[in-house]
Each structure stands twice: as C-alpha cells, then as structure tokens.
Amino acid sequence: MGPLPPLEAGGLERPRIGIGGISIESSTFSPHVSGDEAFTVRTGTALRAYYPFLDEGRELGEAADWVPLTHGRSLPGGAVDADTYRRMKTAIVDGIRAHGPFDGFFFDIHGAMSVVGLDDAEGDLALAVREALGEDALVSTSMDLHGNVSATLRDAVDLLTCYRMAPHEDWLNTKERAVWNLLARLRGKHGTDPQRRRPYAAWVPVPVLLPGEKTSTRLEPARGIYAELPLIEALPGVLDASIWIGYAWADEPRCQAYVVVTGDDAAVITREAERVARMFWDAREDFVFVAETGSLDEALAKALDPDAPHPYLISDSGDNPTAGGAGDVTWTLAHLLARPELTGGDRTTLVASIFDREAVAAAVEAGVGAKISLTAGAGVDDGPHPPVEITGTVFSITDGDSDAGTQVVIAVGGLHAIITERRKPFHLLDDFRMLGLEPSTADIVVVKIGYLEPELYDLARGWTLALTPGGVDQDLLRLGHHRLVAGVYPFDLSGTPELTAVVVRRGGGEEISA
C-alpha cells in the first residue's frame, strides 16, 4: 500500500467512520465455552490505539473522523456463550445508533466465530450492523484467512479482505489494507454517491476444507496460489483479491474455502475469481502438512534418536489453543510422563502447557523447591484423557502474566511441565524464559500448536507435527463433521464443482451472475 489516492471531485474529504467487531476462532468440537472472561473488550481511545496506522499524524489517522465503538477479541476457543455474544453485539449496535450516522464502517472480525445456537455468527452480526448503519454507509471488513464468507456476510458488507500469510505475520497489514480500501472508495469521484462508490464483488465458494497446518503459505501450493493475489489486485478495475482457506474445526454449512475479488470491472473480477478458485480446487490433493507428521510415539522416537538435532520441537497439534482447542487436554502430557527416557535426568524436556487453577494454587502453596503430587488438566476437555497425576518438584512460580495469570513449572526429573491459571499459547521464547526455562538449550520442546510461530520455527533444529487428539484434531475425518454442504473435499469425493462466480454489488439487489 502506498499513500492514499488524491481526493477527487465528488469524494469525501474527511468521512466519518465507525469501528467495531468481534474476533474469535471457535471450535465446535471442543467442549470449551468462551464466556465474558475470554474477551478483551476495547472501546473509545483504547480501541483506536489498537490500530497504530490510525495514530494521530499518520495519513490514515488524519484522513477521517474516526469513531471507535466496541471491539471484542479473544484467543481461539470453544463456541461463544450466547449471552456473551449478545452483550457485545448489543454494544456495537447501540454505539452505531448513538454515534451515527456514518459514511463508512471498519468491521474488524475473524470469520470463524461460532456462537451457541447460531450457524453463521458473523453473518448474524453483519446483518445487525448493517441494519443499525442503514443502507448508505460503506462497510469494509478485515478477516482471518481461516474465516468463512457466507452469502449472508457477503451481502451485508461492501468490501472484504483477509490475511495472505499463514502464520499470520501480515495481520496488522491486512487491517490497514481494509481501511485503505475504505478510504480510497470514499475519497474517489463517487465517494458521495452511496451506490456508485460500492465495488462489485465476485464470490466463489470452493468446496475444500483443510486444516491450516496443511495450507501454510510457507509451502506450495498455497504459496504460489496466494502469490497471484497482488498481481490480480494490480489489474485495472480491481480493488482487492482474497482467498479464505475456511475454518476446519467447526461443523457448520458455511465452512469451506472462498475466493472474493472486488472492483469496478465485473468481467475482470469474475474471470480472476474463477481462475484462482480453479487453481485452489485443482491443487486440493497437493496440500501437505507444513512439517513431517506422525503419532506422538513416532515424534518421540525421532526426538530421542542419538543423532537428533536439538532442540527438537514437537507440536501437540490436537489441542492447539490458537486454533480453538481447549488447552487443557492431558493426553500428551500423560504419555510423556510415562516415558522414563524423559523423566530421568539425562535430557531436558519442556512441555507447554495445561491450565488448571487449583493445581497452580497447590503448587504456590507448596512453594519453589517443594516435592508435590497433584492432579491437573482435563477440567474442560477430558475426552482424550482424564486429569493427569504429576509427582515432582516445584521448579518455579511466576505471577502476573496477562494471559496465563500465575504459572508454575513442575519438574519430574528432566521433564518440566508448565501449568497455568488460564489458557495461554506459547509462541515466544520469552514465554519460556520468564519461567526460568531456556528453550534453546533444551533437548525437546513440546508445544500445543500446529505450525510453528516464527520464533519457534527459527528455534527448531528438528520438528515433528504430532497428530494428537483434541478439539482441533488434524485428522479431520475422525472428528465427525456431518453438517457441511455436499461435495466438500476430503469429506465428500463424489463430484466436481462448477466454480462459477456470483457477482454482486450490495444495494439495489443487483446480481450479475450466479
């Protein structure tokens, strides 16, 4: 993105733009329920400060009268409690009605939020936002590429874009692009015309549903397919091009891949959306896991090999909290504790993590250096394994983490089990170092994650993605999806889709093709 295009005659010099949304990724296969405690709710100046590109003095920040309303954000987890969702939705809608009218709205969502009792939570929220805004406001939507673009969502908003990198190193850049696109349309020659300033959108559902760990943009074919997007975006008559992988761990009819290209040239965006959709479909069998995979025992055999490079990383992928896993599945930890090669003193193994408030309290009461026996984990998801028995020494106690609360490390010989008060993903080296653990000198590091985030990726000298059980099991076929639309690969191998774009421009009921 370069500077904003110059203000044109007929454009809005300083439009009034609201900000709001809800962002969470929710596994319907996890028993975890995301309630009020799961969300960080930002309003007013705190919400605007969340987007550094809107800081005063920066071009985008000065280009509009920004009205930050309400935004709720949570770590991925289980489906959102219906009352929690209702309260956030009401706050957003009431804010629009109290502080409107608006020329535009920055609708910041994830796309894979599940709410107890709803099939299309973002569609429901988008309809409520649209009703409160009225028909004239231009709505630009930023999403995660693991979200879903239902027809309801498509028709309620005007501009759509999503991340182009997995892992999501471009998350903030994507939000900035959504705002840039919104301002570009409002500043253009049709900026004061509520209908003509809206672009066309070419929308193609692609009946493929794969886990993110098979669709990392670090590897082909995702890397090559996503590389097409900036080329398409540079074509005359095109505003934005995006591909959604979809969310694999919710059993909802909207869950599949999507391609959306927006712009003013309906023929070009249709051609390009259908072309990329065919690329994605044709490559469906070529997507591979981002790392070598295997059972936990197979991963451990590689890590324990005398010639294995260290540190050796093992992804406990089935309970990845950043994909929606509960984060307290004990299956892997129980198996690790049963291995004398790990609980002896010959090597150092770090295991992150499970959460259990009572277990943490017991360790705190015992104190650092104390011998302790406690039961931990499986308070939320006990499907794969019941709570685990741990007998060891309290290695460290660390207070004050904004996500985890108090954290304790129990050492069982060379195995160091991390237990937290609250759910926390371990993505950074400092997540370990603050606990007195040094991952760079450990022999084995086991993390509840799928593909490794950048610091862990750089740390790993060897890596196996273990196909462990949990609410975000990488083996999708054993989860039991039964509500997907017909024909979604790899669940239904019976047909070949037409991959024909639906081209719409919101307002006036205009649909060019279907």
Side-chain angles (χ1 to χ4, degrees), residues 107 109-113 119-127 129-130 138-164 174 177-178 181-182 185 195 197-209 215 225-226 228-229 232-233 235 237-247 252-282 284 484-489 496-514:
F107 189 43
I109 61 175
H110 184 286
M113 171 172 63
D119 268 348
D120 180 7
E122 276 91 359
D124 178 80
L125 181 61
L127 288 174
V129 165
R130 172 55 66 189
L138 195 68
V139 178
S140 185
T141 306
S142 171
M143 297 175 66
D144 190 301
L145 63 80
H146 295 123
N148 312 285
V149 187
S150 68
T152 300
L153 176 62
R154 175 202 71 195
D155 291 344
V157 303
D158 303 292
L159 307 168
L160 286 154
T161 195
C162 71
Y163 306 160
R164 295 173 180 175
T174 300
R177 183 170 64 249
N181 288 344
L182 176 60
R185 301 301 292 191
Q195 180 59 22
R197 67 191 181 193
R198 297 185 180 111
Y200 295 107
W203 172 85
V204 188
V206 184
V208 175
L209 189 60
T215 51
I225 295 172
Y226 272 85
E228 292 291 315
L229 299 182
I232 296 170
E233 196 174 87
L235 294 173
V238 177
L239 176 65
D240 187 88
S242 294
I243 302 167
W244 284 258
I245 299 298
Y247 184 61
E252 297 173 345
R254 63 178 178 154
C255 294
Q256 60 181 310
Y258 297 87
V259 175
V260 179
V261 182
T262 54
D264 294 310
D265 190 324
V268 170
I269 66 170
T270 299
R271 180 193 71 210
E272 294 303 310
E274 293 178 350
R275 181 177 68 84
V276 173
R278 284 192 293 272
M279 289 178 66
F280 197 100
W281 172 258
D282 290 344
R284 66 193 181 280
L484 302 176
V485 296
V488 173
Y489 175 90
T496 301
E498 293 184 6
L499 300 177
T500 301
V502 173
V503 184
V504 299
R505 180 159 66 178
R506 199 194 58 75
E510 183 175 9
E511 181 171 309
I512 295 175
S513 65

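Numbers here are sequence positions counted from 1. Predicted model only: the values in this text are computed from it and were never measured.
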Sorted by chain and residue number, the side chain to side chain donor-acceptor pair (under 3.5 Å) partners of Arg275 (sequence neighbours excluded) come out as Glu228, Glu272

Are side-chain heavy atoms of Ile243 and Tyr226 found at a separation under 4.5 Å? yes

Could you check Leu138 against Arg506 for side chain to side chain contact (heavy atoms under 4.5 Å, CB included), going step by step and ending with a plain yes or no?
CA-CA 10 Å; Leu138 195 68; Arg506 199 194 58 75; over 6 Å; no

Only one of Val260, Asp144, Asn148 passes side chain to side chain contact (heavy atoms under 4.5 Å, CB included) with Trp244, and that residue is Val260

Closest heavy-atom pair, Pro199 versus Leu159, reported as atoms and distance to 0.1 Å, is CG-CD2, 3.2 Å

Closest non-hydrogen contact found for Ala178 with Ser140 is O-OG, 2.7 Å

Q. Side-chain contact, heavy-atom cut-off 4.5 Å: Leu499 with Glu274?
A. no

So side chain to side chain donor-acceptor pair (under 3.5 Å) across residues 252-262, not counting sequence neighbours, yields Ser114-Glu252, Asp120-Arg254, Glu122-Arg254, Glu252-Arg254

Residue set satisfying ring pair (Phe, Tyr, Trp, His ring centres under 6.0 Å) with Tyr247, at least two apart, ordered chain then number -> Trp249

Checking Arg284 against Trp281: charged group under 6.0 Å from the ring centre and within 45 degrees of the axis? yes

Those residues at least two apart in sequence (or on a different chain) that pass ring pair (Phe, Tyr, Trp, His ring centres under 6.0 Å) with His110 are none

Across all chains, not counting sequence neighbours, the salt bridge (charged side-chain N to carboxylate O under 4.0 Å, His left out) partners of Asp264 are Arg185

Residues at least two apart in sequence or cross-chain that pass side chain to side chain donor-acceptor pair (under 3.5 Å) with Thr161, listed by chain then number, are Arg177, Asp240, Ser242

For Thr141, the side chain to side chain contact (heavy atoms under 4.5 Å, CB included) test, sequence neighbours excluded, returns Phe107, Ile109, Val139, Met143, Val157, Leu160

In terms of heavy-atom contacts, Ala266 and Val503 come closest through CB-CG1, 4.4 Å

Heavy-atom nearest pair, Trp203 first then Ala151, reads CZ2-N, 3.9 Å

Residues at least two apart in sequence or cross-chain that pass side chain to side chain contact (heavy atoms under 4.5 Å, CB included) with Ala267, listed by chain then number, are Asp265

Hits for side chain to side chain donor-acceptor pair (under 3.5 Å) against Asp119, two or more places apart or cross-chain, chain-then-number order -> Arg483

The side chain to side chain contact (heavy atoms under 4.5 Å, CB included) partners of Ala273 (sequence neighbours excluded) come to Ala202, Val204, Val259, Val261

When every non-hydrogen atom of Leu235 is compared with those of Arg271, the smallest separation belongs to CD1-NH2, 3.9 Å

(message) Counting C-beta onward and ignoring hydrogens, is there a side-chain heavy-atom pair between Pro497 and Val206 closer than 4.5 Å?
(response) no

Taken to the nearest 0.5 Å, the spacing of Leu239 CG from Leu182 CG works out to 10.0 Å

SG (Cys162) and CD1 (Ile245) are apart, to the nearest 0.5 Å, by 8.5 Å

Scanning both residues in full, the closest heavy-atom pair of Ala126 with Leu153 reads CB-CD1, 3.7 Å

Only residue of Asp155, Asp124, Asp158 satisfying salt bridge (Lys or Arg N to Asp or Glu O under 4.0 Å) with Arg130 is Asp158

